[in-house]
*Asks:* 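To start, I am sharing the structure in question, which I have written as structure tokens.
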There are 2 protein chains.
Amino acid sequence: MKITKIKKARAAKIKKVKDILKPNTRALQKEATRATILNSALQIFSEHGYEGSSTRDIAAHAGVHHALIKYYFENKDSLWRAAVSFLFERQASEMNFAPPGASTKTREGRREYARTILRQYVLYCARHPEHARLMVQESVRDNDRLQWAADSFIVQTSRSAEKFVRLMQREGVMPQGSAPAMVYMMVGAAQMFYTLAPEVRRVWHIDPFDKNVIESHIDALQAVFIR
Amino acid sequence: MKITKIKKARAAKIKKVKDILKPNTRALQKEATRATILNSALQIFSEHGYEGSSTRDIAAHAGVHHALIKYYFENKDSLWRAAVSFLFERQASEMNFAPPGASTKTREGRREYARTILRQYVLYCARHPEHARLMVQESVRDNDRLQWAADSFIVQTSRSAEKFVRLMQREGVMPQGSAPAMVYMMVGAAQMFYTLAPEVRRVWHIDPFDKNVIESHIDALQAVFIR
DNA sequence: TCTCTCATTAACCGTTTGCATAATGAGTTT
DNA sequence: AAACTCATTATGCAAACGGTTAATGAGAGA
């Protein structure tokens with residue numbers, strides 16, 4: 001047996017081991033890179049707004065060359081849309097608006113349902129403050145991006161929220177009053193604390209993401225909105 | 001009498017008339033230009049954020065050459081600080097937190113006081129939505145500008161709000177719960193509707209600045225927060 | 001009327017921006 | 001092991017950016 005053949009056989013074995021240890025090295029890495037860029041985009045966009053964010057900063061934050069943004073997301077606008085899509089899809093997967101069935105038959109059951117929804121939403125806002133931060137920066141002025149986000153996601157989630165509010169009002173669990181106003185009041189009252197976390201820390205010297213602080217915020221929110 | 005002398009006398013008279021009709025033409029124009037630039041800065045900063053706004057856009061919006069921004073405000077950072085100072089000083093002059101004296105002795109009087117404060121604040125938010133828009137964009141991340149704004153204005157207004165909340169809670173007019181949380185809930189519930197006006201219009205097909213809409217928002221806010 | 005002041009503009013500089021294209025080289029296939 | 005694929009990087013470009021300096025010209029003062 002020639003040495004070259006042995007070497008060949010050895011190389012083949014090594015290759016097989018590699019294939020087992022790192023299956024689809026390239027494909028996996030590709031997915032990881034894409035995710036890293038998207039993650040950095042969320043961070044940068046939510047803190048600096050669309051126009052205040054540069055694709056180069058996003059790439060640098062992700063530790064990759066800025067040309068990769070074009071490779072993975074075509075351009076800045078598409079990257080932003082991908083980031084927003086990710087936010088709303090994650091929210092849809094993490095939030096559960098389904099009423100717990102039987103328990104809504106009694107008044108106390110319905111109050112418990114309302115409490116759970118508010119609690120869930122506050123926890124979501126605290127877990128992912130970049131969602132509200134990014135959206136708030138886009139919603140202060142009208143343009144193509146807001147129109148797209150509204151048509152694609154906001155209308156849908158707003159309808160859910162409206163249904164929830166009207167149901168709770170009909171049951172006497174939430175105060176009467178204009179449904180749109182009530183939705184924005186609830187959302188604002190739940191978000192603000194985490195969206196403006198840097199201000200909260202500086203002005204009040206408390207960390208809004210502290211477990212106990214979150215819980216007392218939830219308590220206060222429920223005390224205010226639920227009867 | 002020479003013709004030139006007559007002309008001279010005539011010119012002098014015309015000049016005096018001009019001086020009466022347009023006193024300090026130049027000084028007035030200067031003040032007007034400064035105010036125009038500051039106004040445009042408020043508009044642009046509040047819609048695009050600090051980094052998303054260009055001094056050239058602000059100058060163009062004001063209809064002046066961009067070099068005038070250096071002439072009047074030194075640089076972009078100082079212009080932003082001047083704009084924020086203007087916002088908070090105007091708020092201080094338009095908002096009146098003084099309790100209406102005798103009427104706070106009865107429980108109904110105290111509720112009326114709380115209602116008035118909330119109403120005043122909502123009307124302010126609706127009258128000047130750029131205030132909350134500009135501040136929200138700065139407060140989502142920590143930096144020198146936020147620190148300056150907090151030290152100069154936000155701490156002070158927050159202390160006022162805290163005092164108000166604690167007083168109302170002690171009197172049983174507002175629900176119990178963490179004071180900082182309660183302040184941000186109230187502020188968020190009052191602001192959001194006007195800060196996100198473009199979104200509100202697109203998603204709900206209503207104009208949050210309509211008189212009747214504002215009034216029903218005030219009603220809802222009072223119904224939620226005041227007992 | 002003639003100068004002088006200064007509010008305003010024109011022109012320029014170095015840097016950053018979004019985006020495009022070419023070059024590279026590690027991983028895959030044969 | 002050679003050929004190929006394609007994820008990544010290097011380079012380049014026109015426009016826009018914040019900021020500076022010199023020029024201008026209308027109103028104020030003598």
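Just so you know, these numbers use all the heavy atoms, side chains as well, and skip hydrogens, waters and symmetry mates. In this text the structure is predicted, and so the values were computed from the model without any measurement.
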*Asks:* When the distance from CG of B/N75 to P of D/dT21 is rounded to whole Å, what number comes out?
*Replies:*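 The answer, rounded to whole Å, is 14 Å.
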*Asks:* Spell out yes or no: do the side chain of A/H66 and the base of C/dG18 have one donor N/O and one acceptor N/O closer than 3.5 Å?
*Replies:*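 Such a pair does not exist between side chain and base.
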*Asks:* Rounded to whole Å, please give me the gap between CD1 in B/I58 and C1' in D/dG19.
*Replies:*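 To the nearest whole Å, that distance equals 14 Å.
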*Asks:* State which residues pass side-chain hydrogen bond (donor to acceptor under 3.5 Å, both in side chains) with B/T36; sequence neighbours excluded, sorted by chain then number.
*Replies:*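 Testing B/T36 for side-chain hydrogen bond (donor to acceptor under 3.5 Å, both in side chains), a comparison that skips the adjacent residues, returns none.
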*Asks:* Of the nucleotides D/dT20, C/dG18, D/dT11, which one has an atom closest to the side chain of B/A67?
*Replies:*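 Of D/dT20, C/dG18, D/dT11, D/dT20 is nearest to the side chain of B/A67.
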*Asks:* Under 4.0 Å between a side-chain N/O of A/K70 and OP1 or OP2 of C/dC19, yes or no?
*Replies:*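 For A/K70, the contact criterion (side-chain N or O under 4.0 Å from OP1 or OP2 of C/dC19) is not met.
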*Asks:* I need the B/E138 CD to B/L146 CG distance, nearest 0.5 Å.
*Replies:*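 B/E138 atom CD to B/L146 atom CG measures 7.5 Å (nearest 0.5 Å).
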*Asks:* Please confirm whether the shortest side-chain N or O distance from B/S54 to OP1 or OP2 of D/dA16 is below 4.0 Å.
*Replies:*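 Looking at the OP1 and OP2 atoms of D/dA16, neither is under 4.0 Å from any side-chain N or O of B/S54.
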*Asks:* D/dA16 C1' sits how many Å from B/K76 NZ, rounded?
*Replies:*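 In whole Å, D/dA16 C1' lies 12 Å from B/K76 NZ.
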*Asks:* What's the closest nucleotide to the B/R26 side chain, out of D/dC6, D/dG27, C/dT9?
*Replies:*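 Per side-chain heavy atoms of B/R26, the pick is D/dG27.
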*Asks:* Who passes side-chain hydrogen bond (donor to acceptor under 3.5 Å, both in side chains) against A/N143, sequence neighbours left out?
*Replies:*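 side-chain hydrogen bond (donor to acceptor under 3.5 Å, both in side chains) check on A/N143 returns nothing, list empty.
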*Asks:* Could you check B/L68 against A/D77 and say which one's nearest nucleotide on DNA chain C is further toward the 5' end?
*Replies:*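 In this pair, the answer is B/L68.
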*Asks:* Where each residue is assigned the nucleotide of DNA chain D containing its nearest heavy atom, which of A/H65 and B/H65 is assigned the position nearer the 5′ end?
*Replies:*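 This one resolves to A/H65.
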*Asks:* Could you check how far CG of A/D57 sits from P of C/dC19, rounded to whole Å?
*Replies:*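 That distance rounds to 14 Å.
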*Asks:* Do A/R56 side-chain and C/dT16 base share a donor-acceptor contact under 3.5 Å?
*Replies:*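 Between C/dT16 and A/R56, which were checked side chain against base, a qualifying N/O pair under 3.5 Å is absent.
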*Asks:* Judged by each residue's nearest nucleotide on DNA chain C, which is more toward the 5′ side, B/Y72 or A/T55?
*Replies:*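 Between the two, 5'-proximity favours B/Y72.
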*Asks:* Check DNA chain C against residues 29-51 of chain B and give the residues with a non-hydrogen atom under 4.0 Å, in numerical order.
*Replies:*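 Output list: B/Q29, B/K30, B/T33.
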*Asks:* Distance check, rounded to the nearest 0.5 Å: A/C125 atom SG versus A/Q120 atom CD?
*Replies:*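 Here the interatomic distance stands at 11.5 Å.
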*Asks:* Hey, does the side chain of B/T25 come within less than 4.0 Å of D/dG27's phosphate (OP1/OP2), counting only N and O?
*Replies:*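 False: B/T25 side-chain N/O out of range (4.0 Å or more) of D/dG27 OP1/OP2.
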*Asks:* Only distances under 3.5 Å count here; give the side-chain donor-acceptor pairs of residues 57-70 of chain A to other protein atoms, sequence neighbours excluded, each with its distance to 0.1 Å.
*Replies:*
residue : atom : partner : partner atom : Å
A/D57   : OD2  : A/S54   : OG           : 3.4
A/H61   : ND1  : A/S40   : OG           : 2.8
A/H65   : ND1  : A/A67   : N            : 3.1

*Asks:* From CD1 of A/I69 over to C1' of C/dC19, roughly how many Å is that when rounded to an integer?
*Replies:*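 Going from A/I69 (CD1) to C/dC19 (C1'), I get 11 Å.
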*Asks:* Once salt bridge (charged side-chain N to carboxylate O under 4.0 Å, His left out) is applied, do any residues pair with B/R127, and if so which ones, sequence neighbours excluded?
*Replies:*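 Scan of B/R127 (salt bridge (charged side-chain N to carboxylate O under 4.0 Å, His left out), adjacent residues dropped) gives B/E94.
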*Asks:* Taking only residues two or more places apart in sequence, or in another chain, which ones meet B/T33 in a side-chain hydrogen bond (donor to acceptor under 3.5 Å, both in side chains)?
*Replies:*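 B/T33 satisfies side-chain hydrogen bond (donor to acceptor under 3.5 Å, both in side chains) with B/Q29 only.
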